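These notes are about the structure you will find just below.
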Amino acid sequence: MLENSPVDERLGARLLYYRKKKGLTQYEVAEKVDISRTAYSQYERGVTYPSFAILRRIITLFEVDFNTILGYYEE
């Protein structure tokens with residue numbers, strides 16, 4: 001897991017930020033990337049982390065790249 005890394009601490013916050021920037025609800029994101037709303041909520045809260053495949057669908061929806069969502073640089 002990503003314990004004690006900057007990615008671990010910030011991934012949920014970045015998912016929340018980009019979701020709100022797109023004007024989407026958790027339910028809308030979950031529906032568009034074919035996961036449950038509960039799963040998406042857990043990603044935002046840092047309870048669990050999305051798989052690479054799911055994260056790729058999320059960043060495509062948010063129109064950002066992996067480096068941005070993982071916090072390696074700001075847009």
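A quick note: this is a predicted structure, and the numbers were derived from the prediction, not measured.
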[X] side chain near [Y] side chain, heavy-atom distance below 4.5 Å:
{"X": "Y43", "Y": "L11", "value": "no"}
{"X": "I58", "Y": "Y40", "value": "yes"}
{"X": "R56", "Y": "F66", "value": "yes"}
{"X": "R57", "Y": "I35", "value": "yes"}
{"X": "L70", "Y": "L55", "value": "yes"}

Tell me whether L16 shares a hydrophobic cluster with I69, the cluster being built from Ile, Leu, Val, Met, Phe, Trp, Tyr side chains joined at under 4.5 Å. no
Test of understanding: clusters of I, L, V, M, F, W, Y form through side-chain heavy atoms closer than 4.5 Å, transitively. Do Y27 and Y18 belong to the same one? no
Listed by chain and number, what are the side chain to side chain contact (heavy atoms under 4.5 Å, CB included) partners of L24, not counting sequence neighbours? R19, K22, E28, V29, K32, L61, F62
Do you know which of V64, V33, L15 makes side-chain contact (heavy atoms from CB on, under 4.5 Å) with I59? V64
Please enumerate all residues that pass side chain to side chain donor-acceptor pair (under 3.5 Å) together with R45, with sequence neighbours excluded. S41
Applying side chain to side chain donor-acceptor pair (under 3.5 Å), name anything that partners Q42, two or more places apart in sequence or on another chain. none
In this structure, CD of E63 is separated from NZ of K21 (nearest 0.5 Å) by 10.0 Å
Can you tell me how far CD of Q26 sits from OG of S36, rounded to the nearest 0.5 angstrom? 10.5 Å
